Protein chains: 2
Amino acid sequence: MARLSDVIEEFIKEMIKETGGEAEIQRNALATHFKCVPSQINYVIGTRFTNEHGYFVESKLGGGGHIKIRRIAITKPYNNFMHLVVSIGGSISEQAAAAHINNFVDYKLISYRDGILMKAAICNKALASSITDNRDSIRAGILKNMLLRLIVV
Amino acid sequence: MARLSDVIEEFIKEMIKETGGEAEIQRNALATHFKCVPSQINYVIGTRFTNEHGYFVESKLGGGGHIKIRRIAITKPYNNFMHLVVSIGGSISEQAAAAHINNFVDYKLISYRDGILMKAAICNKALASSITDNRDSIRAGILKNMLLRLIVV
DNA sequence: TATATAGATGGTCAAAGATAGTCAGGAGCA
DNA sequence: TGCTCCTGACTATCTTTGACCATCTATATA
């Protein structure tokens, strides 16, 4: 007996395949369809459609809201982004983040200007109003999201 | 299910395009046309045609009243970056920040790719590990720092 | 002419409705 | 027993609606 979460996972993957890389779902509708609580959809997404699994998820709340799940391109040079995204984990220092960004610039995975913007976004000065204990994890979130955004299909 | 507000937004934008920069509408007539209450027109304007989005709205009450929506013309990039940096203050919502960025892209002050990166840096998802109460001020810090860095370049 | 009144607009705001997100804990299985 | 799956209460955000308010024009009236 297949677990419901696996069924939902397959359903979404099928959708992505059919639509060529992107599935847009409505949480409540999908939950009704599979006769489960809405939050199970979040569970499925949170355990099977993470960045590490190669997906990029966006959503919109409120009336007419939706969840959009997209496949990340893992082609040649950009798999380095994915490696970094996975290795960052939940936290990264300014120095380490800047070093990675400089590396990407050196290897021409991103432009000099991209690098400027990325470093501007993750430096301590930009994050000054965050709580110190939290700063490295916020930085990790920003860096990951910028890298992933560049390689979503 | 497409949101009615989005449909109305597109309708108004189309009007602006066709008339070369300015749409003059009648609130009640438009509401009747879209089968909604008049105040929804205000909602659409208030959420999608603000100054931050690059629009200027005037209206006239009473008999023969109307609402006039115009695209604001922007010319000098550095002035606008500086102006925005000053006007952001200590806090900005995701919506407002994204509106500004989209506006800069529209007026070609920054590239489409710059916009993608900047929006990736300031969105709620990227800042998920920050405390909710602090998020808008962190976002302001990031946006300001990116804009300032672009001025220096 | 000056003023009052009615009608026609648009503005504001708060409540209700529609989604999705989070998190702690229970349920089930290896 | 420990991991994964499932549930539901609570939260955050966005949209739609309607009651009440402010302003302008036209017209009737003194």
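In the text below, chain A, chain B and the rest are named by the order of the sequence lines, each starting its count at 1. Since the model is a prediction, treat every value here as computed from it, not as a measurement.
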Within less than 4.0 Å of OP1 or OP2 of [N], is there a side-chain N or O belonging to [X]?
X	N	answer
B/Ser59	C/dG11	yes
B/Asn42	C/dG11	yes
A/Tyr43	D/dC5	yes
B/Lys60	D/dT25	yes
B/Ser5	D/dT16	yes

Report the C-alpha separation of A/Leu84 and A/Phe104 in whole Å, then their side-chain angles, then the decisive distance to 0.1 Å, and conclude whether the side-chain contact (heavy atoms from CB on, under 4.5 Å) test is met.
CA-CA 11 Å; A/Leu84 175 56; A/Phe104 289 144; 3.4 Å; yes

Distance, rounded to the nearest Å, where [X] contributes [atom1] and [N] contributes [atom2]:
X	N	atom1	atom2	result
B/Arg3	D/dT13	CZ	C1'	12 Å
B/Ile45	C/dG11	CD1	P	7 Å
B/Asn124	D/dC14	CG	C1'	13 Å
B/Gln95	D/dT15	CD	P	7 Å
A/Glu24	C/dT19	CD	P	13 Å
A/Asp6	D/dT4	CG	C1'	10 Å
B/Leu30	C/dT9	CG	P	14 Å
B/Ile131	D/dT11	CD1	P	18 Å

Residue met sooner reading DNA chain C from 5', once B/Ala128 and B/His66 are mapped to nucleotides:
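By nearest-heavy-atom nucleotide position, the 5'-most residue is B/His66.
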
Mind checking [X] for me? I need base, sugar-phosphate or nothing, with any heavy atom below 4.0 Å counting as a touch.
X	result
B/Arg48	sugar-phosphate
B/Ile41	nothing
A/Gly63	base

Check B/Ile122 against B/Leu127 and note the closest heavy-atom contact, atom names and distance.
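That closest heavy-atom pairing would be O-CD1, 3.8 Å.
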
Out of [options], which nucleotide sits closest to the side chain of [X]?
X	options	answer
A/Val37	C/dG10, D/dT7, C/dA20	D/dT7
A/Asn28	D/dC5, C/dT19, D/dT15	C/dT19
B/Leu61	D/dA22, D/dC6, D/dC14	D/dA22
A/Cys36	C/dA20, D/dT7, D/dT16	D/dT7

Hey, which sits more toward the 5' end of DNA chain D by its nearest nucleotide, A/Arg27 or A/Gln40?
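Of the two residues, A/Gln40 wins.
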
Taking the six-membered ring of A/Tyr55 (Phe, Tyr or Trp), confirm whether the NZ or CZ of A/Lys13 is under 6.0 Å from its centre and within 45° of its axis.
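Judged by the rule (NZ or CZ under 6.0 Å from the ring centre, within 45° of its axis), A/Lys13 is not positioned above A/Tyr55.
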
Could you walk me through whether B/Met118 and B/Leu143 pass the side-chain contact (heavy atoms from CB on, under 4.5 Å) check?
CA-CA 7 Å; B/Met118 290 174 84; B/Leu143 181 55; 4.0 Å; yes

Between atom OG of A/Ser59 and atom NZ of A/Lys68, what is the distance when rounded to the nearest 0.5 Å?
10.5 Å

For B/Ser39 and B/Asn42, test the side chains for any donor-to-acceptor distance below 3.5 angstrom and give the result as yes or no.
no

Would you say the side chain of B/Ser39 and the base of D/dG18 hold a donor-acceptor pair, judged only by whether the two atoms sit under 3.5 Å apart?
yes

